[in-house]
Amino acid sequence: MPRITSHWSRFGTSIFSLMTQAANRYGAVNLAQGFPNFDGPNEIKEAAMAAIKGDFNQYAPSTGLPKLRELLSQRIKKASGIVYSPEHEITVYSGATEALFCAFQAFLRAGDEVITFAPFFDCYPAGAFSTGAKLVEVQLKAPDWTFERKDLDSALTPRTKAILVNTPHNPTGRVFSRQEMQIIADFSKEHDLLVITDEVYEELVYDGKSFTRMSTLEGMRDRTVVISSSAKTFSLTGWKIGYTFASPELTKELRAVHQFTVFCSATPLQAGICAALELPDQYYDELRKDYLLRRDTLCNGLAELGFKFRKPEGTYFVVADYSHMSNLRDTEFALWLTETKKVAVIPTSVFFENPEIVAQRQNYVRFAFCKDLETLRAGLRNLGSKV
Ligand code: PMP
Ligand code: GLN
């Protein structure tokens, strides 16, 4: 056995893998890991298959297929009004996960601090750790998952370099208001911070709620690295095609890391995502409409069962307080629910690092509603609902 120092195993196995394994073991309805149990449109798959049968099987340019970057530029312009140069400002990655990793590697060094809102997506602490930087958590306040300017001020130190914002937010389903985004923008400008925005749920915003993109606020475009992904928008989480939009200066750094992580993402899948980006606007409207029905089906059922939650304004997750049902800690409750009620969920304390906060946050679990209606109803019936 060679002598090794254990660095990364401190992160253990991802909660998403653990709960999916538990769901399979106990034959439970999997409302834990966020993957749809349906696939995106067939024409996207056909385009990827045609690419494999055709001429798209060797390395793509490290920055991404030119056509894909061009289509991404058109899409973000339509969505936000901002023009990004496909040549200098758009890069394709193996998922938003890789893009986040590249952003951490590109912009943070040992001793730096990056502020983020807790609860947070599980790869954030690992990304910070990979650079020796520290993730400083600003707690979103339950039950509404909001924050105030003073919370950011108290997280600031002379070592703060960046702030990482995920909106629409996993796991709470919050879409930060324009006012909240403006608070973050003002804070970052006052302290000259880089802003990294994780917008992978950008298309999943409900009830006509407007989604404020950080890059559209005054003075923010060139201070912000926008990260997104095809995974949620096109219901193809296994394809792992993500992207960044950032100024040429920031993009140069990101690309330098990306070329030594994976060099380029799977070429035929990039060709498939080109077909996805050529879908008409109606596709996005239908996606939202279908998700709205799934959200309401799950939320109505959970409310009837006595769970307390803020109805998600975006994403495909609901974080619910289960205090009426059990005094178990969330990690134990999630396993108990999976084994005995046959519904797998995610305990939310794993989305915090600060032990004090973890201790206060042990009565919430996350339900995913990226499942067909029959599966959502089956889950609710397992929990005791009459649906
Ligand atoms: N950020 C958030 C908030 C997520 O929920 C996910 C989901 N997987 C990702 C990033 C990663 O996206 P991808 O699957 O494209 O790597
Ligand atoms: N984003 C998905 C979730 O939050 C899972 C991602 C993963 O399994 N790594 O459930």
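Order of listing sets the numbers, starting from 1, for every ligand and every atom in it. Here, residue 1 is the first one in the sequence, and each next residue gets the next number. Fair warning: this is a prediction, and the values are worked out from it, not measured in the lab.
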Distance to 0.1 Å, residue and atom name: give those for the protein heavy atom nearest to [atom].
| atom | answer |
| --- | --- |
| atom 7 (C) of ligand 2 | F16 CD1, 3.6 Å |
| atom 14 (O) of ligand 1 | K240 NZ, 3.2 Å |
| atom 8 (N) of ligand 1 | K232 NZ, 2.8 Å |
| atom 12 (O) of ligand 1 | A96 CB, 3.5 Å |
| atom 9 (C) of ligand 1 | F121 CE2, 3.4 Å |
| atom 8 (O) of ligand 2 | Q33 NE2, 2.7 Å |
| atom 5 (O) of ligand 1 | Y201 OH, 2.6 Å |
| atom 11 (C) of ligand 1 | T97 OG1, 3.3 Å |

Kindly confirm or rule out an N or O of G34 lying under 3.5 angstrom from an N or O of ligand 2. yes
Using distance alone, decide if ligand 2 has a nitrogen or oxygen within less than 3.5 Å of any nitrogen or oxygen in D122. no
Does ligand 2 have any atom that is closer than 4.0 Å to a heavy atom of Y316? no
Contact between F121 and ligand 2, counting heavy atoms under 4.0 Å? yes
Report the part of [X] in contact with ligand 2, treating N, CA, C, O as backbone and CB onward as side chain, heavy atoms under 4.0 Å; options are side chain, backbone, both, neither.
| X | result |
| --- | --- |
| M19 | neither |
| T237 | neither |
| Y201 | side chain |

Do [X] and [Y] sit within salt-bridge range, that is, some charged N less than 4.0 Å from a carboxylate O?
| X | Y | result |
| --- | --- | --- |
| E203 | K232 | no |
| D285 | K289 | no |
| D281 | K78 | yes |

For the residue pair T91 and R255, confirm or rule out a side-chain donor-acceptor distance under 3.5 Å. yes
Proximity of [X] to ligand 1 by residue part, where a heavy atom lies under 4.0 Å:
| X | value |
| --- | --- |
| H169 | neither |
| S229 | side chain |
| E98 | neither |

Has the side chain of [X] got a donor or acceptor atom that lies under 3.5 Å from a matching backbone atom of [Y]?
| X | Y | answer |
| --- | --- | --- |
| S14 | F16 | yes |
| N363 | S323 | no |
| E190 | F187 | no |
| T167 | F176 | yes |

For K232, take its heavy atoms, then give the atoms of ligand 2 lying under 4.0 Å from any of them.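 What qualifies from ligand 2 is 1 (N).
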Numbering the atoms of ligand 1 from 1, which are under 4.0 Å from a heavy atom of N170? 3 (C), 4 (C), 5 (O)
List every atom of ligand 1 that sits less than 4.0 Å from any heavy atom of G95, numbering the atoms from 1 in the order shown and giving each element.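 What qualifies from ligand 1 is 15 (O), 16 (O).
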Among D198, N166, V200, whose heavy atom sits nearest atom 1 (N) of ligand 1?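 Among D198, N166, V200, the closest heavy atom to atom 1 (N) of ligand 1 comes from D198.
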Using the six-membered ring wherever Trp is involved, compare the ring planes of [X] and [Y] and label them parallel, tilted or perpendicular (cut-offs 30° and 60°).
| X | Y | result |
| --- | --- | --- |
| Y364 | W145 | perpendicular |
| Y201 | F317 | perpendicular |
| F121 | Y124 | perpendicular |
| Y206 | Y291 | tilted |

Can you tell me which residue among R221, R69, K252 is in a salt bridge (Lys or Arg N to Asp or Glu O under 4.0 Å) with E89?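 Result: among R221, R69, K252, R221 is the only option passing the salt bridge (Lys or Arg N to Asp or Glu O under 4.0 Å) with E89.
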